[in-house]
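To start, the structure itself, in structure tokens.
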Amino acid sequence: VRLPVTQPTCSWFGGPGRDLLFVTTCWEHFDAAQRARQPDAGRVFVARPGVTGPPATPYAGRAPAPGVPS
């Protein structure tokens, strides 16, 4: 999947059929010129790559209490 940005950060499959690929991006450490060249940096992109992702596995543990290191 080609994106119009240079810093993709995370991707995951979603949608009812797990056939949508979501990709987050960032513009951290960009100067003003880089921001101008990549105005879509920092957005979330969605694509249909022609494959599906695996089913999600729910987390079976407990979240730590607030203020408690994990």
Side-chain angles (χ1 to χ4, degrees):
V1 175
R2 292 188 188 271
L3 299 174
V5 297
T6 58
Q7 293 191 98
T9 55
C10 186
S11 61
W12 69 96
F13 284 96
R18 297 181 319 275
D19 61 339
L20 299 175
L21 179 67
F22 294 84
V23 182
T24 58
T25 66
C26 75
W27 52 270
E28 187 174 5
H29 306 297
F30 275 15
D31 60 27
Q34 289 168 308
R35 286 283 290 149
R37 285 192 302 272
Q38 296 185 52
D40 291 326
R43 296 180 184 245
V44 177
F45 293 88
V46 181
R48 287 191 189 271
V51 297
T52 58
T57 303
Y59 178 65
R62 287 181 24 179
V68 176
S70 53

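Model, not experiment: these values are computed from the prediction.
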Minimal heavy-atom distance between A41 and C26, with the atoms involved, is CB-O, 3.8 Å
As a quick check of understanding, evaluate side chain to side chain contact (heavy atoms under 4.5 Å, CB included) for F45 and V5, giving each step before the final call. CA-CA 10 Å; F45 293 88; V5 297; 4.2 Å; yes
Just how far is it from atom CG of L21 to atom OG1 of T52, taken to the nearest 0.5 Å? 11.5 Å
Under the criterion side chain to side chain contact (heavy atoms under 4.5 Å, CB included), I'd like the reasoning laid out for L3 against V23: C-alpha separation, chi angles, the key distance, then a yes or no. CA-CA 9 Å; L3 299 174; V23 182; 3.6 Å; yes
Y59: hydrophobic cluster co-members (side-chain, 4.5 Å): none
Provide the full list of salt bridge (Lys or Arg N to Asp or Glu O under 4.0 Å) pairs with a residue in residues 8-30, sequence neighbours left out, each pair given once. D19-R48
What closest approach, in Å, do A56 and P58 show between heavy atoms, and which atom pair accounts for it? O-CD, 3.6 Å
Verify same cluster id: F22, V1 (apolar side-chain graph, 4.5 Å): no
Apart from W27 itself, members of its ILVMFWY cluster (side-chain separation under 4.5 Å) are F30
Co-membership, hydrophobic cluster, residues V51 and L20, 4.5 Å side-chain: no
The salt bridge (charged side-chain N to carboxylate O under 4.0 Å, His left out) partners of R37 (sequence neighbours excluded) come to none
Not counting sequence neighbours, which residues clear side chain to side chain donor-acceptor pair (under 3.5 Å) with T9? List them please. T24
Between atom CD of Q34 and atom OG1 of T6, what is the distance when rounded to the nearest 0.5 Å? 7.0 Å
Verify, without hydrogens or angle tests, whether T25 (side chain) and R43 (backbone) share a donor-acceptor contact under 3.5 angstrom. yes
Run the side chain to side chain donor-acceptor pair (under 3.5 Å) test against R35 and tell me which residues pass, sequence neighbours left out. none
